[in-house]
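Following: one structure in structure tokens, then a few remarks.
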Amino acid sequence: MKIKHNCSIYFFIGLLLSAPNLIVAQNLPEVIIISDNVGPLIDSTERAAYCLFPEYLSENFNSAQFFKLYDDKIEVVIYLKNNKTYKKIISQELFTEYQKQINKRIINYNKADTSFIYSVLLLDETEIYGTFEEIKEKEIVLITNYSDTLIIPKIKILKIEKKMSISDSKNSRWFENPHDTRHFFAPTARSLQKGEGYFQDIYLFIAAGNYGITDNITIGGGFSIVPFIDIDDQIFFLTPKIGFQLKEKFSLGGGVLYANTPAVNNHEDEENNRAGTSIIYGVGTYGSKENNITLGVGYAAYDWKFQEYPVVVLGAMYRISRRTALVTENWFAVINYEKRHEQESLYWDTQYNMVQNAGIDTYEQVYNQPMAIVSYGVRFFSEKLCVDIGFFNGLGEFKKELIGSDKFFFPGIPYLDFVVKF
């Protein structure tokens, strides 16, 4: 009995001595793994890669951890290289922001690499290709395919992917779209840079060119070269345009499309057999050089007489591979045109009290008719050359008057052009 009594006393004393440790263990803060990308401890390399805790100097920062306290509060602990420690209670919203900042980026680079081409995707979805010349704490130095040096803050980078080695890329280099200022014929709001230009040939019989006088002003024009037709029957046109890039992905512009053409309703007794056709327009483009959508609105005039309703143009481009993009350009308008009618001319013969036929009379009547020209096609390009292959279709009563049918027919009227940039 004495032995049992002594064992009970020892057990009770041991329980009393261990109780504070049990209480402390129950109240120890729990480490929170904010993301699998960094694990339970954020070191200085991860801190720089994900641009975390910018309020601390990089030469002093050692590591950081997140803890869940007993009352469900979140604490961040910063360990500095001088053995100092800073603790701070943060809100759930700030913790979530840290978490999003880490999870939305795929960081898989840590040293300079000039032997491979990388794709750098920014937060605004801009994609840049090049090689890493230098990796700094808060930024990377990228050499693009055009030998330009770009300094990109890491905080703006969403993802970086290794694409291919330099040796493999010689015949498969991903280059920028060289012709983003137009779709097929209609302009976008994007402008040629000063000193840039291009030559365009449509159907082999229409030659055009455009040149950037400044970064915002482009002058252009062209003419038709249809064989076996006199020069008086050829078409001449001018295409001046201004454009401004207001944001990374948004541009506004405007200009004039003016064409001098043979007169449509010319009579033999008239001396002037030509007329001016023009469209004064404004245009907006959203997107990158590779993928964008454009909306334009303008007023058309024939022989200096403006139409009552505006012309609307909707175009888009989407790059699907290194050398291929999908293109569409669509025109919508309400036009007035003259339609010739023929009818029998009758008169009343009072002597015989009957109707007699006096012949055929013709007269013209002006109509307002909606019309649409829709298109789709593919653009093939290299660094300085583009080839567009597409198909156009007309819709509405105006098409019916021209070709005798207002139905959509597949695939449409073929379209072909070549563009050489210089």
Side-chain angles (χ1 to χ4, degrees), residues 18-112 118-128 130 132 134-142 150-162 245-250 286-288 291:
S18 62
N21 294 330
L22 292 174
I23 295 173
V24 171
Q26 290 177 355
N27 291 289
L28 283 177
E30 176 187 352
V31 176
I32 301 176
I33 300 178
I34 190 171
S35 171
D36 292 337
N37 291 342
V38 296
L41 186 70
I42 300 174
D43 59 26
S44 58
T45 301
E46 293 168 335
R47 177 251 185 185
Y50 295 102
C51 301
L52 302 171
F53 315 114
E55 62 270 25
Y56 297 96
L57 297 176
S58 58
E59 55 267 24
N60 292 334
F61 184 90
N62 185 41
S63 60
Q65 283 183 301
F66 291 93
F67 294 94
K68 182 177 181 181
L69 303 182
Y70 62 92
D71 54 356
D72 290 334
K73 292 183 178 180
I74 298 175
E75 182 182 58
V76 58
V77 179
I78 307 296
Y79 306 102
L80 301 182
K81 292 180 180 179
N82 58 6
N83 295 324
K84 291 184 177 181
T85 301
Y86 291 95
K87 298 181 180 180
K88 182 180 179 181
I89 303 296
I90 62 173
S91 64
Q92 181 64 48
E93 290 77 12
L94 182 56
F95 176 81
T96 302
E97 288 300 319
Y98 280 130
Q99 196 172 45
K100 288 180 179 179
Q101 188 166 331
I102 296 172
N103 289 336
K104 71 182 177 182
R105 290 179 169 85
I106 300 176
I107 307 298
N108 53 5
Y109 59 93
N110 52 25
K111 64 179 181 178
Y118 289 80
S119 164
V120 181
L121 182 63
L122 304 183
L123 295 177
D124 63 359
E125 298 183 358
T126 300
E127 195 168 13
I128 307 171
F132 290 154
E134 188 177 359
I135 304 294
K136 299 181 179 180
E137 180 184 359
K138 295 184 178 181
E139 59 195 19
I140 66 171
V141 181
L142 190 75
L150 297 180
I151 299 176
I152 306 175
K154 290 181 178 179
I155 198 170
K156 293 185 177 181
I157 299 174
L158 178 63
K159 182 172 63 174
I160 290 181
E161 292 182 342
K162 181 184 288 187
Q245 185 171 343
L246 303 182
K247 293 185 178 180
E248 182 71 26
K249 285 192 171 185
F250 182 66
Y286 178 79
S288 64
N291 309 308

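Between the CG atom in Leu122 and the CD1 atom in Ile128 there is a gap of 4.5 Å [rounded to 0.5 Å]. For the atom pair CZ of Phe61 and OH of Tyr79, the computed distance is 10.5 Å after rounding to the nearest 0.5 Å. To the nearest 0.5 Å, atoms CG (Asn62) and NZ (Lys84) are separated by 14.5 Å.
Scanning all heavy atoms of the two residues, the minimum distance from Ala64 to Leu41 falls at O-CD1, 3.5 Å. The minimum heavy-atom distance between Pro153 and Ile157, with the atom names listed, is O-CG1, 3.6 Å. Arg47 approaches Ile42 most closely through the heavy-atom pair N-CG2, 3.9 Å. In this structure, Gln99 and Ile34 approach most closely via the heavy-atom pair NE2-O, 3.0 Å.
Val31 meets the side-chain contact (heavy atoms from CB on, under 4.5 Å) test with Pro40, Gln65, Phe67; sequence neighbours excluded. Contacts of Ser58 classified as side chain to side chain donor-acceptor pair (under 3.5 Å), with partners at least two apart in sequence or in another chain: Glu137. Contacts of Tyr98 classified as ring-ring contact (aromatic ring centres under 6.0 Å, His included), with partners at least two apart in sequence or in another chain: Phe53, Phe66. Residues forming a side chain to side chain donor-acceptor pair (under 3.5 Å) with Glu127 (at least two apart in sequence, or on another chain): Ser119, Tyr129. Not a single salt bridge (charged side-chain N to carboxylate O under 4.0 Å, His left out) links Lys81 to another residue, sequence neighbours left out. Applying the side chain to side chain donor-acceptor pair (under 3.5 Å) criterion to Glu46, with sequence neighbours excluded, gives no partner residue.
Within a 6.0 Å sphere centred on CZ of Phe250, heavy atoms belonging to other residues, nucleotides or ligands number more than 12. Remark: Asn82 CG is packed, more than 12 non-hydrogen atoms of other residues, nucleotides or ligands lying under 6.0 Å away.
Leu69 places a side-chain heavy atom less than 4.5 Å from the side chain of Ile89. Put simply, the side chain of Ile78 reaches to within 4.5 Å of the side chain of Leu80, judged on heavy atoms. Within the 4.5 Å cutoff, the side chain of Ile160 has heavy atoms near those of the Ile140 side chain. Side chains of Ile102 and Leu52 form a contact here, defined as non-hydrogen atoms less than 4.5 Å apart. Counting heavy atoms from C-beta on, the side chains of Phe132 and Leu142 come closer than 4.5 Å.
Not one N or O on the side chain of Gln92 forms a donor-acceptor pair closer than 3.5 Å with the backbone of Phe95. Looking only at distances, no side-chain donor or acceptor of Ser35 sits under 3.5 Å from a matching main-chain atom of Val38.
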